[in-house]
Amino acid sequence: MTRAAVLSAGSWGTTFAKVLADAGTEVTLHARRPELAAAITADRENADYLPGIRLPDGITATADPAQALDGADLVVLSIPSQTLRENLAGWAPHIPAQATLLSLMKGIELGSTRRMSEVVCEVTGAAPERVAVLSGPNLAREIAEEQPAATVVACTDPDRLEALQAACHTRYFRPYTNPDLVGCELGGAVKNVIALAAGVAEGLGFGDNTRASLITRGLAETARLGQALGADPLTFAGLAGLGDLVATCSSPLSRNRTFGEHLGRGMSLEETVAATKQTAEGVKSCRSVLDLARAHGVEVPITEAVVRVCHDGESPVQMVREIMSREAKPE
C-alpha cells in the first residue's frame, strides 16, 4: 500500500496518519475545516488536536474529500461512529473500487446495532474482505509521541491483512494480525462503556480494587456478547480485548474514563459534554451495545448501569449500589 487517505483530522486520525507516513506511505489527511487543513500543510502540526507534535513531510492535508481519496489504495475512517453512515454516503462515490477500507472507529451504530465494518459494507457496497479494523490500546497522544505501543489489525482477507500490517509497522508501533473482525470490533466498542463505569468509580473516590473489579467483570461481559456473535474467545484475552480495556479504564488520556469521572464527581451529562469537548464514544454506544446484547439474550449489567446514569438520570452512587446488590453468582 503506497497511498492512503485518512478521513478525518482528529487526534487519532492525525496520529495514525503519522504512523502510516513514518512507515513509508504517502498520506492525504482530510480535515473538515479548510483552515485546519491549510495549517497542517503549512506548519506540519495539528495544533487543534496534537499540539507540539511535528508531522512527517509525507502527510498533506485537504478539506476536499474527493482530492483526499483520489488514487488511494487504503482508506482510513476515523470519525465519530454515529456520524459514519451520513459522512460515508457522501464519500462513497470517490472511493477507489479496489481500495482497502480500514476502520479506526470504536462504536455500535444506534438503531441498527451494526458494527462499523457492517455499516461500511452497507453504504459503500464493498465486499466484506475489503474491510478491516484496527483496535487495541491506542491512546493517540502517547503514540504520536512515539512511545512504544502495539495494536491489532483484523481482516478476513489474509493478503490485505499482511499488507496492512506492513503499512503501519514502525519502530514505535507494532501491529499484530487477527482474522477475527467481530471480536476486535466488539472489544473496541464495549471497552468504552466499561471505561465510563471505571471513570464514574474514580470520580466517586473509589480505588484500585473497584477499578480492577470493573475491568475484570467488564471483560467477561464483552466476551459473553462476543461469544453470542460468533467471535473467537481468545481475541478478548489479547490486545484488542484486555489490552484496550486496561488502557482505556486506567489512563487519564482516555476520553471515556474522563467523561465518567466528571459524572462521578456530580457533573450533569450536559456539563460533562461541554467540559470534555471531544467525542466519548461510549456515551452513545452504551445504548446500542445494550440493544445488541438484549437482542441476543446476553446479560450486560455494567452496560445497563452506564445507560441508566448517562441517559435515565440515575445517580452514580445508586448505580454502584445496584451493581453491588445483584444476585451473587459463580464467576
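These values consider heavy atoms only, across backbone and side chains, with no hydrogens, waters or symmetry-generated copies. Each residue takes its place number in the sequence, starting with 1.
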query: Do you reckon Val182 sits in the same ILVMFWY cluster as Leu290, going by side-chain contacts under 4.5 Å, direct or chained?
result: yes

Intermediate values then yes/no, side-chain contact (heavy atoms from CB on, under 4.5 Å), Arg211 and Arg257: CA-CA 11 Å; Arg211 184 187 309 113; Arg257 178 188 180 277; 4.3 Å; yes

message: Under 3.5 Å, is there a donor on one side chain and an acceptor on the other for Thr28 and Arg3?
response: yes

- request: Would you mind reporting whether Val133 and Met116 have side-chain heavy atoms less than 4.5 Å apart?
  value: no

query: Between Thr177 and Gln165, is any side-chain donor less than 3.5 angstrom from a side-chain acceptor?
result: no

- request: Decide whether Val153 and Leu104 are clustered together by the hydrophobic rule: side chain heavy atoms of Ile, Leu, Val, Met, Phe, Trp, Tyr closer than 4.5 Å, transitively.
  value: yes

- request: With side-chain contact (heavy atoms from CB on, under 4.5 Å) as the test, would you mind laying out the steps for Leu219 and Ile215 before giving the verdict?
  value: CA-CA 6 Å; Leu219 184 63; Ile215 289 172; 5.6 Å; no

query: Hey, is CZ on Arg32 packed in by over 12 heavy atoms from elsewhere, all under 6.0 Å?
result: no

message: Ignoring hydrogens and geometry beyond distance, is a side-chain donor-acceptor pair present between Ser251 and Arg141 at under 3.5 Å?
response: no

task: Determine whether the side chains of Thr170 and Asp22 contain a donor N or O and an acceptor N or O closer than 3.5 Å.
output: no

message: Apply side-chain contact (heavy atoms from CB on, under 4.5 Å) to residues Leu84 and Ile79 and explain how you reach the verdict.
response: CA-CA 7 Å; Leu84 173 62; Ile79 60 176; 4.0 Å; yes

message: The test is side-chain contact (heavy atoms from CB on, under 4.5 Å); show your working for Phe259 and Leu269 and say whether it passes.
response: CA-CA 9 Å; Phe259 197 103; Leu269 184 68; 3.6 Å; yes

query: Any Lys/Arg nitrogen of Arg217 or Glu221 sitting under 4.0 Å from an Asp/Glu carboxylate oxygen of the other?
result: no

query: How many angstroms lie between atom OG of Ser81 and atom CE of Met105, to the nearest 0.5 angstrom?
result: 7.5 Å

query: Could you state the interatomic distance from CG (Leu29) to OG1 (Thr14), rounded to the nearest 0.5 Å?
result: 5.0 Å

- prompt: Going only through I, L, V, M, F, W and Y residues with side-chain contacts under 4.5 Å, is there a path from Leu102 to Ile95?
  reply: no

- prompt: Just wondering, are more than 12 heavy atoms of other shown residues or ligands nearer than 6.0 Å to CD in Glu162?
  reply: no

message: Working to the nearest 0.5 angstrom, can you tell me the gap between Leu161 CG and Asn178 CG?
response: 8.0 Å

- line: For Leu196 and Val283, the nearest pair of non-hydrogen atoms, with its separation, is CD1-N, 3.6 Å

- request: Tell me, please, whether Tyr176 has Arg174 positioned over its six-membered ring: NZ or CZ under 6.0 Å from the ring centre and within 45 degrees of its axis?
  value: yes

task: Answer yes or no: does atom CD of Glu118 have more than 12 heavy-atom neighbours from other residues, nucleotides or ligands under 6.0 Å?
output: yes

query: Backbone N or O of Ala61 within a donor-acceptor pair of the Thr41 side chain at under 3.5 Å?
result: yes

- request: Report yes or no: do Phe16 and Leu7 belong to one cluster of Ile/Leu/Val/Met/Phe/Trp/Tyr joined by side chain heavy-atom distances under 4.5 Å?
  value: no

query: Between Thr113 and Asp291, does any side-chain donor sit less than 3.5 Å from a side-chain acceptor?
result: no

